[in-house]
Number of protein chains: 2
Amino acid sequence: MPRRHDRSVEFHQLRYFVAAAETGSISAAARREHVTQPALSRQVALLETRLGVDLFERKKQRIALTDAGRWFLPKARQMLCDAATSTQQLREHFGKARRTLRIGFLGTFLDDLVAPVVRDLKKKDRSLAVSLFDLAPSAQLERLAAHDLDAAILANLEPRHREQFTVRTLSRHRFAAVVPDAHPLASRSSIALDELRGEDWVSLSDLAFPGRRDFLRAACSAAGFEPRIVAEADSVGLMLGAVAAGEGVAIAPRHSEKLPHAGAAFVALKAPVPAVDLVLVSPRDAMGGETAAFGRALAERAKVLADG
Amino acid sequence: MPRRHDRSVEFHQLRYFVAAAETGSISAAARREHVTQPALSRQVALLETRLGVDLFERKKQRIALTDAGRWFLPKARQMLCDAATSTQQLREHFGKARRTLRIGFLGTFLDDLVAPVVRDLKKKDRSLAVSLFDLAPSAQLERLAAHDLDAAILANLEPRHREQFTVRTLSRHRFAAVVPDAHPLASRSSIALDELRGEDWVSLSDLAFPGRRDFLRAACSAAGFEPRIVAEADSVGLMLGAVAAGEGVAIAPRHSEKLPHAGAAFVALKAPVPAVDLVLVSPRDAMGGETAAFGRALAERAKVLADG
DNA sequence: ACGGGGTCATGCCGAGAAGGCATGATCGCT
DNA sequence: AGCGATCATGCCTTCTCGGCATGACCCCGT
């Protein structure tokens, strides 16, 4: 008897879910995954029934992640990353597969930093294979330590990581304030950090973003106050959601404005603007030729972006 | 067009592979997974072709893991663990699922420590749900920190983990020497540690077993010499394999003698015998009632074992 | 207001995958 | 040698997944 009513999740369902969450559309996800829209729609629905949890809100037209969906998204990404890297590593080590470069980063860097560099490198070396993974910083560090990634793009690196890995500085990223749409300061063109002195604050969990909370504390401390942190989120998306929901205010790198953030407004900060160095991190021992080439190209691109 | 020649791995194939590796038999694995032997045989073969790598050596009768298989086994376990814990956590948090206790440990502890305790607890509370995961220590610690496990059974805990988690001592475990079958000392009933002074040593990777290498160094140092470590393995099984292959000698907890170790012999050590405390580790904040009950029962059982 | 171009969901069908059963080949053990 | 156990293969059935067609709905422009 072929097993019925199977409650187990399948990899392709996770892929479809991630695609749908990232594109915010079933149709677009279907195009990306090279299947038809009904096929993907059904697999996502099946995933939801198997999990017993709704991942998307069907708002007649477009779809939106539920809280459960937002929570599950990074988990699904990690599962896919682990499956891809483990099997790839197995093929490379014990089989005849060619070396693949595996890069981790936050999704917001894909479009104008990582993707162009990868395109350029592939143009020069047609045989180059690259796998890209959108992961939370802590997940990147774990996989870096286990040699499941060749390089990761991070900020807010703690000292013990600086000595554990080789680090190359890419560019400096400035922060902006994020406040609810309804907030009196939302329409200002720029504000000083200490105007947010009395607010409730939303930060990022140290579990997913090591060092980020301390960075917030240090920035506020430089402005002469201590932030009252009332909530922590596991991802930038969840943090923006918390701000939109009125839980408090936050600071975020300016480029995260590209994430969906309905209900939350980005407002420029007056000098001194908090900023972090974006760095490329690799394991100390295994800095292969492709990794080094990628690092060089990435640093160059980052420099161009910073100048422009 | 239904996709052909799919190279992607499926969860059930990983489950079957792990079952086959753990039981050392396709038939036994099939019984455990409630499918017929041909079904499981085929899925494992299919997995191998998709990976492009042989995971088992078919020795006419029984099967044995290849090096690739040994390397892949912990990876497969982690993928299954992550899928199980993530989906379960989702169901509990956002759905209507009952709380499940998630325990991590090394496979060698299952039979006489973990399994009996779980059986007893389930007898008392029929509604108790428990998930068990055979994971490398570092993997347990990661998942503990991310609240993907409720408790883990570990040894060789580093100070920073002792302060990060709550720790309960279970029992003391003594080590034995492990030498190749052909080694002159293999037939002795017991040896002193410093008789291995001049040998090449095999240890466990700090990546998978944090603190274990330092423990070996300290033990040898107490015996008055410095071990020349020529190889490191990612799992106890790989370490025993390395010893059997003649790469060197090692020390291992006596209970790991239950693992398959053809070609390697366990020899008792004379006093002072290196030993570690086995501890139950849980996140500081979330020590639920079931977790506490499990801890108590486990400590009791460990005490009985130590006395017996 | 109404139709066209989007969205997502559902019904139906066919190809393929996965499982069961039966069988064959090989080895170990009595 | 024969029995029992192992793993692999062939054949058949069932379920799944994906494609196509279609329907329901919404936004938008004429």
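Note that these values count all heavy atoms, side chains included, but never hydrogens, waters or copies made by symmetry. Worth saying up front: this structure is predicted, and the values here are computed from it rather than measured. Chain naming here is simple, since letters A, B, ... match the order of the sequence lines and numbering starts at 1 in each.
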Rounded distance (Å) that lies between atom [atom2] of [N] and atom [atom1] of [X]:
{"X": "A:Asp54", "N": "C:dC8", "atom1": "CG", "atom2": "C1'", "value": "15 Å"}
{"X": "B:His12", "N": "D:dT16", "atom1": "NE2", "atom2": "C1'", "value": "11 Å"}
{"X": "A:Leu40", "N": "C:dT10", "atom1": "CG", "atom2": "P", "value": "14 Å"}
{"X": "B:Arg50", "N": "C:dG16", "atom1": "CZ", "atom2": "P", "value": "14 Å"}
{"X": "B:Leu14", "N": "C:dA18", "atom1": "CG", "atom2": "C1'", "value": "16 Å"}
{"X": "A:Glu33", "N": "D:dG19", "atom1": "CD", "atom2": "P", "value": "12 Å"}
{"X": "A:Gln13", "N": "D:dG18", "atom1": "CD", "atom2": "P", "value": "9 Å"}
{"X": "B:Gln43", "N": "C:dG19", "atom1": "CD", "atom2": "P", "value": "5 Å"}

B:Glu57 and B:Thr66: CA distance, side-chain angles, deciding distance, side chain to side chain donor-acceptor pair (under 3.5 Å) verdict: CA-CA 6 Å; B:Glu57 271 178 69; B:Thr66 60; over 6 Å; no

Partners passing ring pair (Phe, Tyr, Trp, His ring centres under 6.0 Å) against B:Phe133 (at least two apart in sequence or in another chain): none

By ring pair (Phe, Tyr, Trp, His ring centres under 6.0 Å) - contacts of A:His261 (at least two apart): A:Phe266

Test log, rule salt bridge (charged side-chain N to carboxylate O under 4.0 Å, His left out), inputs A:Arg98 and A:Glu92: CA-CA 6 Å; A:Arg98 261 188 28 63; A:Glu92 287 171 7; over 6 Å; no

Side-chain donor-acceptor pair present, B:Gln37, B:Ser27, cut-off under 3.5 Å: no

Residue pair B:Pro180 / B:Val249: nearest heavy atoms and the distance that separates them: CD-CG1, 4.3 Å

Base versus backbone protein contacts along nucleotides 3-8 of chain D [heavy-atom cut-off under 4.0 Å; B, S, -]: --BBBB

Sugar-phosphate, base or nothing in reach of B:Leu46, heavy atoms under 4.0 Å: sugar-phosphate

